[in-house]
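Report on the following structure.
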Amino acid sequence: QLRLEESGGSLVQPGGSLRLSCKISGFTLETRPIGWFRQAPGKEREGVSCITSSSGRAFYGDFVKGRFSASRDNAKNTAWLQMNSLKPEDTAVYYCALGSYGFCPGLISDSSYFGSWGQGTQVIVSS
């Protein structure tokens, strides 16, 4: 059974760092991209990153501005999102999602490209 499980969310001070993990089970990861999304209270879900399956090239939402870095290890069926220089506006539930196709969407927030989702992990950036 396909399952995605995020972990690593926590309370962190502004300027701090977190590393989120996404463990995939029941599926061989190496042919699909992994997306990261987030949703803050009262706001729409937005795309954070998408990392391709083949080259491992990652794409990011404009708000990331070099602060986040996505990575993956297909052998471990795991993906990560390293988040640095966190800001209060980064507070949200973060989700990982498995791509339904072999490529990332042109629009990073296009969730229709992703068919399976984790339950999310809470990130709170606050002093």
Side-chain angles (χ1 to χ4, degrees):
Q1 183 178 356
L2 174 61
R3 182 182 178 190
L4 289 83
E5 185 173 7
E6 304 94 338
S7 62
S10 180
L11 170 66
V12 63
Q13 291 188 343
S17 298
L18 281 176
R19 190 189 196 203
L20 306 184
S21 298
C22 176
K23 177 66 176 177
I24 298 95
S25 57
F27 189 85
T28 301
L29 180 60
E30 59 189 19
T31 61
R32 301 287 183 84
I34 292 291
W36 287 94
F37 291 79
R38 70 184 189 183
Q39 188 164 21
K43 294 187 177 181
E44 292 188 356
R45 181 170 55 190
E46 63 180 341
V48 177
S49 174
C50 181
I51 182 167
T52 62
S53 56
S54 53
S55 66
R57 182 180 178 185
F59 303 90
Y60 301 94
D62 291 341
F63 61 87
V64 170
K65 298 187 186 300
R67 300 182 297 128
F68 298 176
S69 177
S71 60
R72 61 191 287 162
D73 185 331
N74 292 337
K76 296 181 179 179
N77 259 24
T78 303
W80 298 272
L81 182 67
Q82 177 68 42
M83 304 189 297
N84 300 323
S85 302
L86 284 163
K87 305 174 183 180
E89 52 263 43
D90 294 317
T91 295
V93 178
Y94 285 71
Y95 302 88
C96 63
L98 180 66
S100 298
Y101 312 103
F103 48 88
C104 290
L107 186 63
I108 200 72
S109 286
D110 190 345
S111 59
S112 68
Y113 275 64
F114 300 89
S116 300
W117 295 74
Q119 294 299 305
T121 186
Q122 177 74 60
V123 172
I124 300 174
V125 185
S126 176
S127 55

Step by step, would you call Ser111 with Arg45 a side-chain contact (heavy atoms from CB on, under 4.5 Å)? CA-CA 9 Å; Ser111 59; Arg45 181 170 55 190; 3.4 Å; yes

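- Closest heavy-atom contact between Pro14 and Ser127: CD-N, 3.6 Å.
- A donor-acceptor distance shorter than 3.5 angstrom exists from the side chain of Arg32 to the backbone of Gly99, with no hydrogens or angles considered.
- For Tyr101, the OH atom counts as loosely surrounded, since its 6.0 Å shell holds 12 or fewer non-hydrogen atoms of other residues, nucleotides or ligands.
- Within a 6.0 Å radius of CD in Gln119, no more than 12 heavy atoms belonging to other residues, nucleotides or ligands are found.
- The two atoms that bring Val93 and Gly120 nearest to each other are CG1-CA, 3.8 Å, heavy atoms only.
- Proximity of a side-chain donor or acceptor of Thr52 to a complementary backbone N or O of Arg57 within less than 3.5 Å is detected.
- For an aromatic pair to be called close, the ring centres must be under 6.0 Å apart, and Phe68 with Tyr60 fails this.
- The line from CD1 of Ile24 to CG of Asn74 is 9.0 Å long, rounded to the nearest 0.5 Å.
- In the hydrophobic cluster analysis, where Ile, Leu, Val, Met, Phe, Trp and Tyr join through side-chain heavy atoms closer than 4.5 angstrom, Val48 is grouped together with Leu20.
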Checking side-chain contact (heavy atoms from CB on, under 4.5 Å) for the pair Lys87/Arg67: CA distance, chi angles, key distance, verdict? CA-CA 10 Å; Lys87 305 174 183 180; Arg67 300 182 297 128; 3.8 Å; yes

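- Hydrophobic clustering (ILVMFWY, side-chain heavy atoms < 4.5 Å, transitive): Trp36 and Val64 are in one cluster.
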Would you please test Ser17 and Asn84 for side-chain hydrogen bond (donor to acceptor under 3.5 Å, both in side chains) and show each step? CA-CA 4 Å; Ser17 298; Asn84 300 323; 2.9 Å; yes

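- Using a 4.5 Å heavy-atom threshold, the side chains of Val123 and Leu11 count as separate.
- Checking side-chain atoms of Ser69 against main-chain N and O of Gln82 turns up no donor-acceptor pair under 3.5 Å.
- Cation-pi check for Arg38 over Phe63 is met; the charged atom lies under 6.0 angstrom from the ring centroid and within 45 degrees of its normal.
- Here the straight-line distance linking atom SG of Cys96 with atom NZ of Lys23 works out to 11.5 Å at 0.5 Å rounding.
- Residues Trp80 and Asp73 form a side-chain contact, since some pair of their non-hydrogen atoms from C-beta on lies under 4.5 Å apart.
- Separation of atoms CG (Leu107) and OG (Ser112) is listed at 9.0 Å; rounding is to 0.5 Å.
- One hydrophobic cluster, built from ILVMFWY side chains closer than 4.5 Å, cannot hold both Ile124 and Val12; they sit in different ones.
- In this structure, the side chain of Thr121 engages the main chain of Gly9 through a donor-acceptor pair within 3.5 Å.
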List the steps and the verdict of side-chain contact (heavy atoms from CB on, under 4.5 Å) for Val125 and Leu18. CA-CA 10 Å; Val125 185; Leu18 281 176; over 6 Å; no

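- A heavy-atom distance below 4.5 Å is found between the side chains of Pro105 and Phe114.
- Of the possible polar contacts, one joining the Thr78 side chain to the Lys76 backbone as a donor-acceptor pair under 3.5 Å is found.
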Is there a side-chain contact (heavy atoms from CB on, under 4.5 Å) between Arg72 and Ser53? Walk through the geometry before answering. CA-CA 9 Å; Arg72 61 191 287 162; Ser53 56; 3.9 Å; yes

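- Between Glu6 and Tyr95 the shortest side-chain heavy-atom distance falls below 4.5 Å.
- Interatomic distance, Ser116 OG to Leu4 CG, rounded to the nearest 0.5 Å: 6.5 Å.
- Here the SG-CD1 distance, from Cys22 to Ile51, works out to 11.5 Å after rounding to the nearest 0.5 Å.
- In this structure, Trp117 has its ring center closer than 6.0 angstrom to the ring center of Phe37.
- Distance check, rounded to the nearest 0.5 Å: CG of Asp62 to OG of Ser109 gives 9.0 Å.
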